Amino acid sequence: MTGEEDVRPSLQTGGPGPITNGSLLDFPRDPLACMRKLYASHGPVAALEDEGRRVAFVFSPAYVQEVLTDIATYHSQFFAIRGSRNSAQRRLTSNILSQNGEEHKRVRRLVIGPFQKKCFEPYHDVLAKLAGDLLASWRPAETRNIFREMTRYMLRVTSVLLFGCDTDELAYEIGRHIERWVALNHAVGIGAFVPDAEAGASYDDLLATAASLEQKVLALIEHRRGAGATGNDVLSRLISAHDDSGAGMTDAELIGQTAVLFSAAHLTTANTLTWTLFLLAQHPRVASALVEELDAALGRAIPSLRQLEELPLLDAVIKESMRILPASAYSHRVNVRPVQFGDLRLAPGTPIIFSPVITHHLPELFPEPKAFCPERWRNFSPSPYAYFPFAAGPRMCIGAGLATMILKFTLTVILQHFRFTMVPGATIDARVDWTMLNPASGMPMRLLPLETGFAYAPVNGSVHDLVELGAAPEAELSRAA
Ligand code: HEM
């Protein structure tokens with residue numbers, strides 16, 4: 001895998017070599033279009049090159065596996081702009097996503113405890129209460145932006161479950177700040193790794209937002225400290241590790257880890273809930289089959305954690321939703337030594353992108369990739385490097401089990417209380433903002449009473465590039481059967 005950086009780049013866009021010459025800014029401007037074009041031109045490995053600077057892309061399971069498992073070679077790097085020493089920006093970017101080697105192992109060991117299945121039981125009642133509050137605020141015949149609803153719901157869930165804080169306003173404030181801070185990091189560091197001179201104007205704004213976000217995060221930490229920090233929540237564990245002195249966490253680390261956990265947990269899960277509700281609304285036969293499964297197993301009773309694990313169609317619907325519209329559209333690593341993928345040699349320090357949204361749509365791995373087909377998951381276990389909505393390997397998402405539980409619980413109780421349909425003619429854009437595949441223009445849905453069936457409603461927007469909608473009912477029925 002080693003080699004010197006002595007290979008001349010191909011000069012032809014879409015030529016036989018793996019390199020397209022162009023502007024690196026093409027990637028952050030429209031990551032999805034750029035990656036699709038690169039894949040179409042070059043296949044499993046590609047690079048975008050601009051005046052000698054490269055960003056590389058790996059799309060096939062074998063290359064994804066290499067990048068995700070060889071953690072000594074491929075380092076994780078959080079945002080490019082770290083800020084000066086002693087700045088809020090530096091503290092906020094000092095977190096598990098920017099740590100590697102022994103430092104990463106230590107922090108991962110520290111935070112992973114409450115994310116193990118055996119710790120979930122106390123979360124159940126909290127979740128039942130928060131989901132109950134959400135449903136109580138909805139009325140049949142209302143139109144709601146479900147993306148906004150799910151984001152606010154997940155801010156509360158994250159705040160209470162992970163941080164032992166039930167002050168809604170603080171949760172919403174942190175959510176607003178995180179959104180702005182993440183957006184500014186991407187604007188200033190463009191996609192986190194491509195320098196863009198024009199973006200420099202946002203730098204002061206970034207530092208000010210970081211300072212303000214840090215104050216909110218500190219308020220959350222103080223709130224927990226004030227309550228004794230003895231709970232099973234993640235924050236209590238981080239704080240007591242900190243108080244142990246010696247091997248514990250510095251204040252800077254505590255701030256960085258708290259902020260990253262808050263943002264990693266709520267954005268991704270809210271986004272997945274939204275896309276799954278959308279896919280169900282647009283596939284009435286699948287939605288009805290799922291309701292039948294839930295009715296038979298649960299009726300209107302609040303599901304226990306054990307029951308949630310015994311609902312095969314629910315499990316398949318979530319897997320298929322995260323295949324076709326994965327919340328995390330791409331991530332990247334940076335190689336610390338020269339590496340080679342097929343004909344492509346990369347000098348140390350090259351950003352290397354891997355993308356669930358591209359790999360999950362390769363027809364050789366998932367036939368009819370644009371079809372929402374939960375049925376495909378019956379007796380199907382793709383390689384963890386072909387299907388990786390939570391990434392894979394030693395840095396796989398630590399919240400995958402918890403997120404799956406929250407998704408199952410929340411979708412179940414929503415379906416026990418409401419039917420829903422898309423607002424006809426709504427524009428649903430699947431756009432990559434930062435690294436997230438977002439419903440960029442919102443998700444307007446009409447809530448309906450239980451007596452109403454599900455009904456497909458045509459929508460516009462770029463979501464059609466990824467999902468086939470409005471399939472003949474028979475096709476959908478046979479897929480859902
Ligand atoms: C549907 C919901 C979720 C999705 C789709 C998701 C996705 C991901 C992905 C793709 C990564 C890998 C990023 C990379 O390697 O660059 C990741 C890492 C991570 N996720 Fe999640 N995540 C979800 C929920 C959560 C939750 C609920 C938490 C809880 C706090 C969480 C905490 C983390 C952490 C701490 C990491 C970094 C792990 C490490 O570097 O060792 N995530 N997640």
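Please read these numbers as outputs of a predicted model, since none were measured by experiment. When a ligand or atom number is given, it counts from 1 through the structure's own listing order.
- Under 4.0 angstrom from ligand 1, there are no non-hydrogen atoms of His332.
- Within the 4.0 Å heavy-atom criterion, the part of Arg108 lying near ligand 1 is the side chain and not the backbone.
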Test ring-ring contact (aromatic ring centres under 6.0 Å, His included) applied to Phe366 and His361, step by step: CA-CA 7 Å; Phe366 302 95; His361 280 256; 8.6 Å; no

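- Both the backbone and the side chain of Cys397 come within 4.0 Å of ligand 1, judged by heavy-atom distances.
- No part of Phe388 comes within 4.0 Å of ligand 1, judged by heavy-atom distances.
- Remark: among candidates Arg333, Gln77, Gln257, Gln99, the nearest residue to atom 14 (C) of ligand 1 is Arg333, based on non-hydrogen atoms.
- Proximity of Thr158 to ligand 1, defined as any heavy-atom pair under 4.0 Å, is not found for any part of the residue.
- Residue-level proximity to ligand 1 for Leu97 is carried by the side chain, the only part with a heavy atom below 4.0 angstrom.
- Comparing Gly399, Ser76, Ala327 against atom 28 (C) of ligand 1, the shortest heavy-atom distance belongs to Gly399.
- Regarding atom 7 (C) of ligand 1, its nearest protein heavy-atom neighbour is Pro389 O, 3.6 Å.
- Taking each of Ala270, Ala265, Pro356, Ala391 in turn, the one with a heavy atom nearest to atom 26 (C) of ligand 1 proves to be Ala265.
- At a heavy-atom distance under 4.0 Å, atoms from both the backbone and the side chain of Leu261 approach ligand 1.
- In this structure, Lys129 does not pair ionically with Asp125, as no charged nitrogen and carboxylate oxygen lie closer than 4.0 Å.
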